[in-house]
Peer 1: 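Structure provided below as structure tokens; questions to follow.
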Amino acid sequence: MAKYPFTPTGVNSMIDYLYGLPDSMLQAEAKLIRDGFKQWIEGNFDLSASQNQFLLNIDVRTAQFYGDQCAFCFVSRLPITLDYPNPPTEPGYAKWIESVSTVKASTDGNRNDMAAGELTFKIVYS
């Protein structure tokens with residue numbers, strides 16, 4: 001499979017591809033991202049050297065949290081988007097990635113469940 005660009009359009013294309021898969025294949029992808037967020041991103045997106053270095057430097061706990069969120073969204077086929085503005089032109093800025101989620105899950109205790117909302121990964125410069 002070809003890698004997608006790590007851009008909002010590339011992420012949208014990847015999500016479209018994933019959500020076109022049969023449930024069993026999508027669940028396999030969910031397990032992969034949950035078990036190895038950094039490796040899954042690196043294996044599925046064409047990253048620049050600086051993007052790859054940033055990814056490698058993400059804290060283990062944060063990467064696990066991101067992977068858990070993505071996996072839940074995958075199996076629930078919920079929207080995942082990337083908000084990636086252009087960086088500032090002045091040097092010396094800090095770059096942060098934050099996940100913003102409106103995802104909600106509910107169950108009635110009889111194995112009937114419902115998931116709604118969306119997950120956005122937002123690049124923030126300060």
Side-chain angles (χ1 to χ4, degrees):
M1 174 174 74
K3 290 184 177 184
Y4 291 85
F6 192 67
T7 63
T9 301
V11 169
N12 288 343
S13 295
M14 170 55 88
I15 295 300
D16 288 345
Y17 165 76
L18 288 172
Y19 292 0
L21 295 173
D23 287 346
S24 62
M25 292 177 72
L26 184 57
Q27 288 172 358
E29 290 296 319
K31 181 176 177 4
L32 288 172
I33 199 166
R34 183 179 58 244
D35 293 347
F37 175 80
K38 294 179 187 185
Q39 295 83 0
W40 192 92
I41 294 295
E42 186 176 33
N44 287 282
F45 289 99
D46 186 19
L47 303 174
S48 69
S50 63
Q51 287 172 327
N52 193 55
Q53 188 60 49
F54 191 93
L55 176 67
L56 293 174
N57 288 331
I58 292 175
D59 178 78
V60 172
R61 292 178 308 141
T62 302
Q64 183 65 58
F65 179 66
Y66 291 165
D68 290 344
Q69 288 181 300
C70 288
F72 184 85
C73 287
F74 283 9
V75 297
S76 303
R77 297 180 187 270
L78 296 176
I80 301 174
T81 58
L82 176 64
D83 181 357
Y84 199 152
N86 290 326
T89 56
E90 305 260 339
Y93 60 86
K95 177 180 174 181
W96 291 81
I97 296 180
E98 57 183 42
S99 64
V100 180
S101 176
T102 60
V103 174
K104 296 191 298 187
S106 59
T107 185
D108 67 1
N110 292 318
R111 296 191 181 189
N112 297 310
D113 64 346
M114 185 182 79
E118 69 180 274
L119 175 62
T120 300
F121 286 94
K122 186 174 184 174
I123 310 298
V124 179
Y125 300 104
S126 61

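Excluded from the calculations below are hydrogen atoms, water molecules and symmetry mates; all remaining heavy atoms, backbone and side chain alike, are included.
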Peer 1: Report the distance from atom CD1 of I15 to atom OH of Y4, rounding to the nearest 0.5 Å.
Peer 2: 10.0 Å

Peer 1: Just verifying a value: how many Å separate I123 CD1 and F54 CZ, rounded to the nearest 0.5 Å?
Peer 2: 6.5 Å

Peer 1: Would you check if the side chain of D59 reaches a backbone N or O of R61 as a donor-acceptor pair within less than 3.5 Å?
Peer 2: yes

Peer 1: Please check if I80 and V75 belong to a single hydrophobic cluster, counting links between Ile, Leu, Val, Met, Phe, Trp and Tyr side chain heavy atoms closer than 4.5 Å.
Peer 2: no

Peer 1: Nearest 0.5 Å, please: how far is CG in L32 from CZ in F74?
Peer 2: 9.5 Å

Peer 1: I'd like to know if the side chain of K122 reaches the main chain of W96, judged simply by a donor and an acceptor atom lying under 3.5 Å from each other, with no hydrogens or angles considered.
Peer 2: no

Peer 1: Hey, does the side chain of Q64 reach the backbone of R34 with a donor-acceptor pair shorter than 3.5 angstrom?
Peer 2: yes

Peer 1: Would you say the side-chain atoms of Y84 and Q51 include a donor-acceptor pair closer than 3.5 Å?
Peer 2: yes

Peer 1: Checking S99 against S101 for the side chain to side chain donor-acceptor pair (under 3.5 Å) test, could you report, in this order, the C-alpha distance in whole Å, the side-chain angles of both residues, the deciding distance, and whether it holds?
Peer 2: CA-CA 6 Å; S99 64; S101 176; over 6 Å; no

Peer 1: Is the number of heavy atoms from other residues, nucleotides or ligands under 6.0 Å of K38 NZ greater than 12?
Peer 2: yes

Peer 1: Just do the side chain to side chain contact (heavy atoms under 4.5 Å, CB included) check on L119 and F72 with the steps written out, would you?
Peer 2: CA-CA 10 Å; L119 175 62; F72 184 85; over 6 Å; no

Peer 1: Evaluate the side chain to side chain contact (heavy atoms under 4.5 Å, CB included) criterion for residues L21 and L18: first the C-alpha distance (whole Å), next the side-chain angles of each, then the deciding distance (0.1 Å), finally the verdict.
Peer 2: CA-CA 5 Å; L21 295 173; L18 288 172; 4.0 Å; yes

Peer 1: Do I33 and V103 land in one hydrophobic cluster if side-chain heavy atoms of ILVMFWY residues count as linked below 4.5 Å?
Peer 2: no

Peer 1: Can you establish whether the number of heavy atoms outside Y93 located under 6.0 Å from its atom OH is more than 12?
Peer 2: yes

Peer 1: Determine whether L56 and F37 fall in the same hydrophobic cluster, where Ile, Leu, Val, Met, Phe, Trp and Tyr are linked whenever their side-chain heavy atoms lie under 4.5 Å apart.
Peer 2: no

Peer 1: Mind checking whether F45 and Y19 sit in one hydrophobic cluster, side chains of I, L, V, M, F, W, Y counted as touching below 4.5 Å?
Peer 2: yes

Peer 1: Any chance you could lay out the side chain to side chain contact (heavy atoms under 4.5 Å, CB included) test for R77 and L26, step after step, and finish with the verdict?
Peer 2: CA-CA 9 Å; R77 297 180 187 270; L26 184 57; 3.4 Å; yes

Peer 1: Hey, what do you get for CZ (F6) to CG (L55), rounding to the nearest 0.5 Å?
Peer 2: 8.0 Å

Peer 1: Strictly distance-based, threshold 3.5 Å: is any side-chain N or O of T107 a donor or acceptor partner for the main-chain N or O of N112?
Peer 2: yes

Peer 1: Shared ILVMFWY cluster between I58 and V124, side chains joined below 4.5 angstrom?
Peer 2: no

Peer 1: Taking all atoms of both residues into account, what is the closest heavy-atom pair of P79 and G117, and its distance?
Peer 2: CD-O, 3.3 Å

Peer 1: Working to the nearest 0.5 Å, report the span between OG1 of T81 and CZ of F121.
Peer 2: 9.5 Å

Peer 1: Let me confirm one number: the OH-CD1 distance from Y66 to I41, rounded to the nearest 0.5 Å.
Peer 2: 11.0 Å

Peer 1: Step by step, work out the side chain to side chain contact (heavy atoms under 4.5 Å, CB included) result for T102 and E118.
Peer 2: CA-CA 5 Å; T102 60; E118 69 180 274; 3.9 Å; yes

